[in-house]
Peer 1: 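Pasting a structure here, questions to come.
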Number of protein chains: 2
Amino acid sequence: MAEIAERPVPAGDRVPVEGPVVSERPMRSDARRNRELVLAAAEEVFSEIGVCAPIEEVGRRAGVGVGTVCRHFPTKQLLVEAVLKAMFTALLDDARAALERSDPGPAFRDFYFTLSDFQARHRVLAEQMATAVDMQITAPELKAALHDAMSQLVERAQAAGEVRGDIGPADVAMLFSGLAHATAVAGDVQPALRRRCVAIMLDGLRPTEPSELPGRPLDFAQLDRLKKRAKR
Amino acid sequence: MAEIAERPVPAGDRVPVEGPVVSERPMRSDARRNRELVLAAAEEVFSEIGVCAPIEEVGRRAGVGVGTVCRHFPTKQLLVEAVLKAMFTALLDDARAALERSDPGPAFRDFYFTLSDFQARHRVLAEQMATAVDMQITAPELKAALHDAMSQLVERAQAAGEVRGDIGPADVAMLFSGLAHATAVAGDVQPALRRRCVAIMLDGLRPTEPSELPGRPLDFAQLDRLKKRAKR
DNA sequence: CAATATACGGAATACTCCTTCCGTTTGTCA
DNA sequence: TGACAAACGGAAGGAGTATTCCGTATATTG
């Protein structure tokens, strides 16, 4: 469970739907505009300060009152998820672009360098990616698509002999979510150092002289199943 | 800055010394006992729940009231630091034991497997290691000693040709603090997966076919300097 | 342009958690 | 064993912040 609601969660009776309920009638123009402003501000604020940034700050940055923020996103959780959704979408685009390339090895590696930079720029994503559990509620299909793309990226690189065969997508994900998290916490103190670490991890994934890895490779589905089991 | 004080920090006027002020007269027996109980409970609670676990829970687990917890450790920060200090000490012992060994490569690798397990068991340590800034106040010499031991561990492994020469201690530290953090957040869902990642990272550190790493190797002192500069 | 449903701002509310305070209990020492 | 300083427990105090509420302002529509 992500640590978003670090404060009370009175949980109103309001239906916790993301935007306007269904689409009874189009939102008023100012409402539509404000919604976008808030979303943009939230992305900015969360990326700078972290998820625990006060909602008021988001409102200030967007030039609206807290009330407005909370009307559009009845819960902080929902606001975070909306931001996450936008970012995951961007990420998915990146991954798909990497899949278009004809050089699977470099494409794979470039993707992870880019991912790391991206995460360094966006604390929210980095903070949440390590656990990335919330999306399951809001946008499972997005998460699934991303997992799918990332898995393919690994598999192609493996098929091309550019990544050792005894690893699974889950290994890669864990490796990078760790780095992302460290980055988020430490505030990307030294981008150069971070990139070195990416390079080192990628080297660890190369096929030459692999050590005998403990355990067996996992894909995302297996990982999810294990996570769920662990929760009980 | 570690995220310990996620709540108000009224900061009493009380002198923020760790235990009893100096040693005017020996603590009463019950006080001494309770202090130990609290420390043990804190280690347990923080490791299970994380640093943001309420102080009251620590008290409950120790079988004492909040008042008692706060008398012994006037500030939550101080309590966390006391726990950290104990754990860093244990870690230092491990590192020194590793330095005794005559097989620098395996000693280096074993140490990091052990470290990872240790961090997985103790969220506090994992959470703090990524930033590891607080010790600077309480026990700078401990931190320095640990850094020293870890640096030596790397250097010996390098001298023995078991670790590539183009990395620095800071690389290793960042690599592992990331994994630790991910582990802490996800609650060590899959220990096997974590160990695989340790193995992969260690492979990345092996000397065979190193890719050209970006940037230059850093040691802890340089890293510290950079962190400080970043803070301004 | 008037009428009205929507949306707005921000004060009030609610809740958690750290810290302090104080009346009560307990170890210590003669 | 009695006196008293030290320590205890837990209630009160204080702070920060998510969420709700409501009087006011503003798009929209005819």
Side-chain angles (χ1 to χ4, degrees), chain A residues 2-16 19-21 23-38 41-42 45-46 49-81, chain B residues 3-16 19-21 23-38 41-42 45-46 49-80:
Chain A
E3 319 288 39
I4 292 152
E6 274 158 326
R7 285 299 95 225
V9 186
D13 326 358
R14 196 168 297 224
V15 202
V21 187
S23 68
E24 317 201 344
R25 71 191 58 202
M27 271 197 281
R28 235 168 66 174
S29 64
D30 55 345
R32 211 163 32 240
R33 180 169 36 80
N34 279 337
R35 190 172 198 285
E36 290 314 306
L37 285 174
V38 167
V45 170
F46 290 159
I49 302 178
V51 204
C52 37
I55 282 216
E56 203 180 333
E57 175 63 28
V58 174
R60 189 176 9 261
R61 195 84 63 112
V64 305
V66 255
T68 299
V69 176
C70 289
R71 197 163 339 93
H72 285 291
F73 305 92
T75 274
K76 191 175 189 183
Q77 171 86 290
L78 287 172
L79 177 55
V80 173
E81 285 184 17
Chain B
E3 317 290 40
I4 291 154
E6 277 159 324
R7 286 299 96 225
V9 186
D13 328 358
R14 195 170 297 224
V15 203
V21 185
S23 68
E24 316 200 343
R25 69 192 57 201
M27 271 197 280
R28 236 169 65 174
S29 63
D30 54 345
R32 210 161 34 240
R33 181 170 34 80
N34 279 337
R35 191 172 197 285
E36 291 314 306
L37 285 174
V38 167
V45 169
F46 289 159
I49 302 179
V51 203
C52 36
I55 283 215
E56 202 181 333
E57 176 63 29
V58 174
R60 190 176 8 259
R61 195 84 63 113
V64 306
V66 254
T68 299
V69 177
C70 291
R71 196 160 341 91
H72 285 290
F73 305 91
T75 272
K76 191 178 188 181
Q77 172 87 295
L78 287 172
L79 177 55
V80 172

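Since the model is a prediction, treat every value here as computed from it, not as a measurement. Per chain, numbering begins at 1; letters A, B, ... match sequence-line order.
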Peer 1: Test salt bridge (Lys or Arg N to Asp or Glu O under 4.0 Å) on B:E57 and B:R60; report intermediate values, then the result.
Peer 2: CA-CA 5 Å; B:E57 176 63 29; B:R60 190 176 8 259; 3.0 Å; yes

Peer 1: Whole-Å distance between C:dC8 C1' and A:R33 CZ?
Peer 2: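 About 11 Å, once rounded to whole Å.
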
Peer 1: Out of C:dT26, D:dG9, D:dT17, which has the shortest distance to the side chain of A:P54?
Peer 2: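 Nearest nucleotide to the side chain: D:dT17.
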
Peer 1: How long is the span from the CZ atom in B:R32 to the CG atom in B:L37, to the nearest 0.5 Å?
Peer 2: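 Those atoms lie 12.5 Å apart.
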
Peer 1: Name the closest nucleotide to the A:M27 side chain, picking from C:dA7, C:dC18, D:dT19.
Peer 2: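 Out of C:dA7, C:dC18, D:dT19, the nucleotide with an atom closest to A:M27's side chain is C:dA7.
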
Peer 1: Of the nucleotides C:dT19, D:dT19, C:dG9, which one has an atom closest to the side chain of A:T75?
Peer 2: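 Of all the options, the side chain of A:T75 is nearest to D:dT19.
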
Peer 1: Between C:dT19, D:dA5, D:dG9, which nucleotide has the shortest distance from any of its atoms to the side chain of B:T68?
Peer 2: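 That would be D:dG9.
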
Peer 1: Specify the separation, in whole Å, of atom CD1 of B:I55 and atom C1' of D:dA15.
Peer 2: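 It is 15 Å, rounded to the nearest whole Å.
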
Peer 1: Got a second to check how far A:T75's OG1 is from A:L79's CG, nearest 0.5 Å?
Peer 2: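 These two atoms lie 10.0 Å from each other.
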
Peer 1: Would you say B:R71 places a side-chain N or O within less than 4.0 Å of OP1 or OP2 belonging to D:dC8?
Peer 2: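 True: B:R71 side-chain N/O within range (under 4.0 Å) of D:dC8 OP1/OP2.
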
Peer 1: Look at the side chain of B:C70 and decide which nucleotide, out of D:dA7, C:dT19, C:dC8, has an atom nearest to it.
Peer 2: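 Closest nucleotide to the B:C70 side chain: C:dT19.
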
Peer 1: Measuring from the side chain of A:D30 (C-beta onward, heavy atoms only), which nucleotide among C:dG27, D:dA27, D:dG9 has the closest atom?
Peer 2: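 Among the listed nucleotides, the one closest to the side chain of A:D30 is D:dA27.
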
Peer 1: Which residue, B:V69 or A:E56, contacts DNA chain D at a nucleotide closer to its 5' end, judged by nearest heavy atom?
Peer 2: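 The residue whose closest nucleotide sits nearer the 5' end is B:V69.
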
Peer 1: Could you tell me the separation between the CG atom of A:L78 and the C1' atom of D:dA18, rounded to a whole number of Å?
Peer 2: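 Computing the A:L78:CG to D:dA18:C1' distance gives 13 Å.
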
Peer 1: Provide, to the nearest angstrom, the distance between the CZ atom belonging to B:R60 and the P atom belonging to C:dC17.
Peer 2: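 So the two atoms are 10 Å apart, to the nearest Å.
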
Peer 1: Looking only at N and O atoms, is any donor in the side chain of B:R28 or the base of D:dA6 less than 3.5 Å from an acceptor on the other one?
Peer 2: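 Counting by modelled atom types and ignoring angles, a donor-acceptor contact under 3.5 Å is found here.
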
Peer 1: Where the side chain of A:N34 is concerned, which of D:dA18, D:dA11, C:dC8 is the nearest nucleotide?
Peer 2: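 Closest nucleotide to the A:N34 side chain: C:dC8.
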
Peer 1: Rounded to whole angstrom units, what separation is found between the CG atom of A:L37 and the C1' atom of C:dC8?
Peer 2: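 My rounded result for the distance is 13 Å.
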
Peer 1: Name the closest nucleotide to the B:A31 side chain, picking from D:dC8, C:dG9, C:dA7.
Peer 2: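 Among the listed nucleotides, the one closest to the side chain of B:A31 is D:dC8.
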
Peer 1: Taking only N and O in the side chain of B:H72, is any of them less than 4.0 Å away from OP1 or OP2 of D:dA7?
Peer 2: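 Result: no.
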
Peer 1: D:dA6 P sits how many Å from B:R32 CZ, rounded?
Peer 2: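 After rounding, the gap between these two atoms is 14 Å.
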
Peer 1: Look at the side chain of A:R61 and the backbone N and O of A:A41, then say whether any donor-acceptor pair between them is shorter than 3.5 Å.
Peer 2: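 Not a single qualifying donor-acceptor pair exists.
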
Peer 1: If you only use heavy atoms from C-beta on, which nucleotide in D:dT19, C:dT28, C:dG9 is closest to the side chain of B:S29?
Peer 2: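 Of the options given, the side chain of B:S29 lies nearest C:dT28.
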
Peer 1: Would you compute the distance between atom CD of B:E36 and atom NE2 of B:H72 and round it to the nearest 0.5 angstrom?
Peer 2: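 Reported value, rounded in 0.5 Å steps: 9.5 Å.
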
